Every structure is written in structure tokens, then in C-alpha cells.
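This report concerns only the one structure given below.
Quick caveat, the model's predicted, so the values are computed rather than measured.
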Amino acid sequence: MHRILILLILLLFFLNITAITQETASFISFLYGNAPECSYDNWTSHISEGIADEGYNIYAPYDRQTNGFGDFYLADDDVLEDWEYILSLFNQGLYENVQQYLDLFQFPYEVVEFYDTDTERIYYLLREILNLEYIDENGTEETTDDEIGSFDYGWGLFVYNSDSTDPVIVNVVHPNDDFTVIPISAKLFQELNASYLLISGAGREVMWTEVGNYSNSKSLSDPSRRNDHGYNSCYRSFCDQMRAVHDRREFSPQIHSYDWNKHLNHASCQISAGYNKDCPNLPIRDLSDLKIDIINYSQHLMIPENTIGNNAAVYLNDYYSVNYNTYG
């Protein structure tokens with residue numbers, strides 16, 4: 001009898017069609033500006049914050065980092081299995097079903113069909129719903145810089161560009177620590193007409209092992225340090241989808257910025273193939289005689305004099321720095 005009751009409840013649940021959220025606005029304004037057309041805006045300001053070691057990382061001067069503004073949910077295998085099933089529906093374009101299962105499994109996420117007035121493209125978002133109980137006054141008496149609402153899960157914002165024809169996935173894993181990267185990544189996402197944009201929803205210090213002294217390698221909320229993370233489930237699922245559709249591997253730029261005092265005397269744009277990868281290949285370096293790579297396809301004069309203020313001319317050798325230690 002109990003089993004029949006459960007089946008009836010599930011049947012009624014699926015007969016009730018769940019509508020997804022539809023919004024029309026500037027995607028850039030939603031991401032880091034004002035977009036009153038959206039259910040909330042300035043997504044960047046709502047990212048979960050945490051400080052494990054004061055001064056270990058450098059943060060944006062306009063956004064005080066504090067403990068208690070937002071959280072991070074460390075999922076077990078069962079929860080991630082449910083999340084990955086939802087992602088499989090998302091990849092099939094079954095967005096109403098995705099919303100139904102988000103509600104059924106009690107994930108604080110919503111599907112948004114987002115018409116971007118900047119590009120006239122349609123994006124489909126997996127967006128976390130704000131918990132308005134989180135408030136950060138940013139340590140000032142002014143109310144204009146107050147941040148109201150943050151995330152309970154902090155897994156991230158996941159954007160699919162339905163107009164893209166290229167297997168490109170732009171991803172940001174340290175939005176609080178690398179505070180300049182969200183505008184850069186959004187620009188890259190739009191100019192490349194990339195398939196996906198992924199931005200983590202929590203700082204790397206929000207949750208860590210709390211064993212010994214803090215280091216970034218001990219973070220639990222950093223998707224670049226922990227494999228079993230809701231962000232990485234999305235990354236894997238979307239990459240598999242692109243490989244199936246395009247029959248080739250994806251181009252996956254992961255955008256970072258660096259603390260100025262730890263990277264002195266390096267060029268402004270640092271390129272790496274990943275941790276401990278000291279022999280980068282395409283598209284960073286073409287080891288053949290063709291030289292079809294990022295460096296050789298750039299201009300000799302990267303930034304002309306006085307084009308971004310009172311600046312000297314910046315040439316290629318002073319613009320890029322590539323992490324490699326093989327095949328000079």
C-alpha cells in the first residue's frame with residue numbers, strides 16, 4: 001500500500017508541468033551589474049565567502065571577504081548521482097523535466113531561459129536560488145554596498161549557449177580570489193560564441209580540511225582541488241556532450257588572475273597547460289614548423305602606445321609568459 005501511494009504521488013508530480021523561468025536582459029548586467037528585469041542581479045556579489053587564513057589570498061578591495069556570508073555544500077556520492085542525472089536531462093534540452101527533478105531532489109537551483117540583449121542569443125542557465133538570510137554589510141555604515149542574499153550550495157553558475165557551433169567551455173574556479181576574471185571570462189564567452197560558461201559559486205576558503213595550517217591545496221570548496229564537486233560534475237557532463245556532438249575534443253580555457261606580489265617580473269598574460277604540465281602543446285605552442293598557436297598568431301605590437309591610458313607600447317614578448325620547461 002505504501003509503495004502504491006509513493007507511485008501515485010510521483011505520477012501526480014509528473015502530470016504537473018513545471019514551467020522554467022524566462023528572463024530578457026543584458027547577461028553582463030545580470031552577471032556583474034544591475035538588471036532589474038531578473039529575479040536577482042549582480043550575481044558576482046552573491047558568491048559565498050570565507051576566510052581561513054587572513055591575508056593568505058588577496059581579494060577585491062571593494063568586496064570584503066567574511067565568514068558566514070553564504071555556504072558550501074559538500075555532496076556525497078548519492079547527491080552527486082542525482083545531480084548528474086539532472087545534467088543528463090539538461091544536455092537533452094528537457095528543461096521542464098530538469099526543473100521538476102531539481103524540485104523533487106530539493107536542489108536550490110532553477111532553470112532559466114535567458115535572452116541576452118547584448119548578443120541576441122539565448123542562454124540556458126542552471127542558477128542557484130538566493131538564500132536572503134545571508135547579509136554582508138561590507139564593514140561600512142553605507143547601505144549602498146550591502147550584499148543581501150548568498151548561496152547555500154555554492155557550486156556555481158552554469159550557462160549553455162544554444163547558438164554556439166563550437167566546442168568551447170570557458171571556466172572560472174576562483175571567482176573571489178581571482179576577482180578580475182569574471183568580466184574577462186564573460187567577454188571571452190561572448191566573443192568566442194562558446195558553448196558553455198561555468199563560474200564557481202564559492203571562494204576557495206569557504207570550506208577546507210581544517211587540518212594543520214590552511215593552504216589552497218586543502219580547500220574543499222575549490223573545484224580545481226576536489227574532483228567530487230558539483231561544479232566538476234557539470235564540467236564533465238558538458239565536455240562529454242560537446243565531444244558527442246562535434247566528434248572532437250573541446251577547447252577549455254580556465255581563467256585566473258594572480259596576486260601581484262607573488263608574480264613579479266612576469267608578463268601580464270600567463271599561460272599554462274595545467275599543474276606540472278611543463279611541455280604545453282596546441283593551442284598554446286605548436287611544436288611543429290607550422291607555428292599555428294596562440295603566440296605566433298598574435299600581433300607583434302599587442303597594445304599600441306596610449307590606447308588604454310598613458311601606457312607605453314606593449315610588444316608580444318612582454319605580453320605573454322608561457323609556463324614550460326621542455327623544448328626551448
Side-chain angles (χ1 to χ4, degrees), residues 17-49 60 62-63 69-70 86 89-90 93-103 107-138 142-164 169-172 175-176 179-202 231 234 238:
I17 299 175
T18 304
I20 65 173
T21 301
Q22 294 180 315
E23 293 178 349
T24 298
S26 160
F27 178 70
I28 295 298
S29 296
F30 157 70
L31 196 59
Y32 56 91
N34 298 314
E37 309 93 329
C38 301
S39 60
Y40 70 90
D41 57 15
N42 198 8
W43 181 87
T44 304
S45 69
H46 301 288
I47 296 171
S48 298
E49 300 174 355
Y62 51 81
D63 184 7
F69 182 68
I86 288 171
L89 297 174
F90 187 83
L94 302 175
Y95 302 117
E96 289 81 9
N97 297 79
V98 170
Q99 189 61 62
Q100 286 179 330
Y101 276 99
L102 287 170
D103 297 338
F107 287 106
Y109 271 80
E110 61 182 343
V111 181
V112 183
E113 183 181 82
F114 194 104
Y115 179 78
D116 178 24
T117 56
D118 298 330
T119 62
E120 299 184 343
R121 297 169 184 157
I122 295 176
Y123 302 148
Y124 289 93
L125 280 57
L126 279 173
R127 181 175 72 186
E128 186 164 359
I129 299 167
L130 290 180
N131 181 342
L132 297 178
E133 294 183 3
Y134 295 116
I135 298 175
D136 182 5
E137 298 176 351
N138 263 316
E142 296 289 332
T143 59
T144 54
D145 64 353
D146 289 0
E147 297 166 330
I148 301 174
S150 187
F151 305 130
D152 287 319
Y153 274 40
W155 288 354
L157 174 70
F158 310 106
V159 184
Y160 167 56
N161 173 14
S162 63
D163 292 325
S164 176
I169 179 168
V170 180
N171 63 105
V172 177
N176 287 1
F179 57 88
T180 66
V181 301
I182 289 181
I184 295 170
S185 300
K187 181 178 177 66
L188 185 64
F189 172 65
Q190 291 185 335
E191 291 195 358
L192 292 181
N193 195 22
S195 292
Y196 296 93
L197 172 65
L198 281 63
I199 308 176
S200 176
Y231 179 103
C234 288
F238 297 157

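When side chains are defined from C-beta on, L102 counts as touching L126, because their heavy atoms get closer than 4.5 Å. I122 is listed as a side-chain neighbour of E113, based on a closest heavy-atom distance under 4.5 Å. Inter-residue side-chain proximity for L31 and I199 is flagged as met; some heavy-atom pair is nearer than 4.5 Å. Looking at heavy atoms from C-beta onward, F158 lies out of side-chain contact with F90 at the 4.5 angstrom threshold.
Ring geometry for W155 against F107 counts as tilted: the plane angle lies between 30° and 60°, on a 0 to 90° scale. Aromatic ring orientation, F114 versus Y123: parallel (interplanar angle below 30°, classes split at 30° and 60°).
No side-chain donor-acceptor contact under 3.5 Å links R121 to the backbone of S164. Looking at T117, its side chain does come within 3.5 Å of a backbone N or O of S26 through a donor-acceptor pair. Judged by distance alone, with hydrogens and angles left aside, the side-chain atoms of E128 form a donor-acceptor pair with the main-chain N or O of D152 at under 3.5 Å. Although no hydrogens or angles enter the test, the distance criterion places no donor-acceptor pair under 3.5 Å between the side chain of D163 and the main chain of N193.
In this structure, the salt bridge (Lys or Arg N to Asp or Glu O under 4.0 Å) partners of D136, at least two apart in sequence or on a different chain, are R64.
E147 pairs in a side chain to side chain contact (heavy atoms under 4.5 Å, CB included) with only one of the listed residues (I47, N42, N138), which is N138.
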